[in-house]
Amino acid sequence: MALRLYDSATREVRDFTPLQPGKASLYVCGLTVQSEPHVGHVRSGVNFDVLQRWLRASGYETTFIRNVTDIDDKILAKSADQGRPWYNLAYDMHRELDAAYASLNVARPTYEPLATGHIPEIIALIEELIAKGHAYAAEDGSADVYFDVRSWPAYGELSGQKVDDMEAAADADPRGKRDPRDFALWKGRKVSEPETASWPSPWGLGRPGWHIECSAMAGKYLGPAFDFHGGGLDLRFPHHENEQAQSRAAGRPFASYWLHNAWITTSGEKMSKSLGNSLVIPEVLKKVRGIELRYYLVAAHYRSHVEFSFSALDEAASAFQRIESFLERAGSAEAGEVPDAFREAMDDDLGTPGAVAVLHDTVREGNRRLSAGESAAAEAAAVRGMLDVLGLDPADPAWGSTKGDDTALTEALDVLVRAVLDERAEARAAKDWARADSLRDRLKDAGIEIEDTPEGPKWSVN
RNA sequence: GGUGGGUUGGCCGAGAGGCGAGGCAACGGACUGCAAAUCCGUGUACACGGGUUCAAAUCCCGUACCCACCUCCA
């Protein structure tokens, strides 16, 4: 059974037929780098990273573009509040985003274009739209350029809306627009905005509107037609609707499939800045490891709403630790082929919950064999293979060399712990259980867990 | 007003007409000096009211509640 995915445009699960046999092209809307990324933001990164990995694992030569929006109203407003240049804020937040992705083992895309690096392509696309009668420069001398929604009959097709049914935006600035639903392709510079945030254009100094950058960049790196376009559900309208309208109006077929990941909510509500910053990635990673947070995100289907809670996150961490301890027990194994059931789950609209269930089934079978004194090499190889596809392989160097970082400390601690364990071994040999347990308890109080195994006691820092 | 999604056991979270996904927690058993880890076992779950069907968590009608989008949003 081949890969099939839910296409938001047609609202049905469709078989994936690549434009070019054996190849897959994917454009994902990244973030506007205006604040620290929180759990909700990285969900999209993780979801599409899993898609990208599965496409590659399925044999597709994959080109993956994920942009960064580094100029927009919010960046300008926030940087002004903070009293620093907008590009400094954007750069800092971009680095925070990179760090968050890295801590979750989200692979780098083939290329990560910035909006500000594509002004010539954006201007060229706007000129093309004007020439074709789908865009116009505002007549109020503002240097704004708008897309003419009424000139494109298919407008609204992606989000299933009719122009006439739409609520006129309360906050839409009607200046210079022919229709309130027309959206900006180019925003003329306002006197209140810094000069550094504007570029010369045929219409005057200004900067790109939000949507046009993605059309321009997708076109530059993936061509006029490509396979997948992804992003968060809230981007479906207006962002993706507008991207598609302006791209198609310019004669480009654009994306064959539209994929949208659902929300992470807290207290039943969409995550947002107003809920505080307790869910920014560095804060969350004080509670669980990056690999555990990633497992939490992967264990839910990408189209399901997730109600974030730290207790659910803890459960996920426990579940993941079960997988890790199996790999430790089973010993080293190379990543092997994934089981058919895993493949079927992933092929079915990226069914990671079912895939994770297969993972656990395999772990249980492996543990059963180990308990029976048999080899679990086959299970360990399969588990490694599955974890690899999900970006959850604990042995992946991307998770950092925490073991190597403090080798000296670990060795020193090992000597001390061994000394205590030797003492405990003597006590146990003498059947002095009270003393043996007291030694173990003292280590536990220091955060060191002791497990007695057939190969002798093992210790680990909790 | 328009569009779309949701409500599943103590908790998280799949499934989309018929064999109880999986995990966490709990309980019982095995193993262990005791633990830990692991294995085996244990669950009258599908918001509510009707209907269709041999069979409904799944389809239909209705009701309730929740959420998202409608030009700032992952």
Side-chain angles (χ1 to χ4, degrees), chain A residues 8 11 28-32 34 37-48 72-74 77 149 156 159-173 180-184 209-211 230-239 241-242 260-265 268-273 295-296 299-301 303-307 309 311-323 325-326 328-329 341 345 351-361 363-364 366-372 428 431-434 436-437 440-441 444 449-453 457-458:
Chain A
S8 303
R11 291 171 194 79
V28 171
C29 288
L31 297 190
T32 299
Q34 45 112 355
H38 56 57
V39 177
H41 290 132
V42 297
R43 180 183 193 186
S44 167
V46 168
N47 286 160
F48 289 107
D72 92 316
D73 293 348
K74 274 191 175 172
V149 165
S159 52
Q161 301 186 96
K162 295 177 191 137
V163 172
D164 292 318
D165 289 339
M166 288 181 197
E167 250 178 18
D171 59 345
D173 185 352
R181 293 153 194 93
D182 289 352
F183 56 91
W210 175 37
H211 320 294
L233 194 54
D234 59 341
L235 294 182
R236 198 169 54 118
F237 192 91
H239 187 53
E241 185 75 63
N242 292 355
H260 292 103
N261 64 276
W263 295 115
I264 293 187
T265 55
E269 298 200 346
K270 184 174 159 182
M271 241 177 230
S272 70
K273 311 301 174 304
Y295 174 88
Y296 175 67
H301 188 86
R303 287 197 288 120
S304 294
H305 288 243
V306 168
E307 167 68 13
S309 75
S311 63
L313 187 58
D314 284 342
E315 286 181 12
S318 298
F320 186 72
Q321 284 157 21
R322 176 183 162 79
I323 298 169
S325 68
F326 164 66
E328 280 170 25
R329 290 180 75 202
T352 52
V356 167
V358 175
L359 187 53
H360 279 286
D361 286 342
V363 165
R364 194 186 326 101
N367 274 325
R368 195 195 59 73
R369 283 180 177 279
L370 288 174
S371 291
R428 292 181 74 202
K431 297 200 192 299
D432 183 354
W433 310 126
D437 290 351
R440 184 172 61 193
D441 289 345
K444 188 171 184 178
E449 299 274 0
I450 301 302
E451 282 181 40
D452 291 319
T453 74
K458 280 188 179 173

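The chains referred to below are lettered A, B, ... by the order of the sequence lines, with proteins before strands, and numbering in each begins at 1. Hydrogens, waters and symmetry mates are skipped; everything else that's a heavy atom, side chains included, is used.
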Without decimals, in angstroms, what is the distance between [X] [atom1] and [N] [atom2]?
X      : N     : atom1 : atom2 : result
A:Y296 : B:G22 : OH    : C1'   : 16 Å
A:I450 : B:C34 : CD1   : C1'   : 15 Å
A:L235 : B:U3  : CG    : P     : 22 Å
A:R329 : B:C39 : CZ    : P     : 7 Å
A:E451 : B:U38 : CD    : C1'   : 10 Å
A:K458 : B:A36 : NZ    : P     : 17 Å
A:F320 : B:A37 : CZ    : P     : 17 Å
A:R236 : B:G5  : CZ    : P     : 9 Å

Can you tell which of [options] lies closest to the side chain of [X]?
X      : options             : value
A:L31  : B:C67, B:A74, B:U71 : B:A74
A:D437 : B:C24, B:A36, B:C34 : B:C34
A:H41  : B:A21, B:C39, B:A74 : B:A74
A:D452 : B:A74, B:C34, B:A21 : B:C34
A:V306 : B:G13, B:C24, B:G33 : B:G13
A:W433 : B:G23, B:G33, B:A14 : B:G33
A:D361 : B:A74, B:C24, B:G22 : B:G22
A:H301 : B:G22, B:A14, B:C34 : B:A14
A:V149 : B:C67, B:A37, B:U71 : B:U71
A:T32  : B:C72, B:A74, B:C39 : B:A74

Of A:V356 and A:A436, the one whose closest RNA chain B nucleotide lies more 5':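 Closer to the 5' end of RNA chain B: A:V356.
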
Toward the 5' end of RNA chain B, by each residue's nearest nucleotide, A:R368 or A:K162: A:K162

Mind checking who [N] pairs with, Watson-Crick or G-U wobble, both distances under 3.5 Å?
N     : value
B:A26 : B:U42
B:G4  : B:C67
B:A36 : none
B:G62 : B:C48
B:G17 : none

For [N], does the base pair up with any side-chain atom of [X] as donor and acceptor (N or O, under 3.5 Å, distance only)?
X      : N     : answer
A:N367 : B:C40 : no
A:N242 : B:U71 : yes
A:R440 : B:C34 : yes

Validation row: A:V306, A:R43 side chains within 4.5 angstrom (heavy atoms):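 SC-SC contact between A:V306 and A:R43 confirmed.
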
Any A:K74 side-chain heavy atom under 4.5 Å of A:T32 side chain: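 No, too far: nothing below the 4.5 Å cut-off.
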
Verify the contact: side-chain N or O of [X] to OP1 or OP2 of [N], cut-off strictly under 4.0 Å; return yes or no.
X      : N     : value
A:H360 : B:G22 : no
A:S304 : B:A14 : yes
A:R428 : B:A35 : no

Polar side chain donor-acceptor pair, A:S159 to A:Q161, under 3.5 angstrom: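 A:S159 vs A:Q161: donor-acceptor pair found between side chains.
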
Distance-only side-chain donor-acceptor flag, A:R329 / A:N367, under 3.5 Å: yes

C1'-based separation of B:U58 from B:A14 [nearest Å]: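 These two C1' atoms come out 13 Å apart once rounded.
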
Rounded P spacing from B:A45 to B:A35 in Å: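 Going atom to atom, P in each nucleotide, I get 33 Å.
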
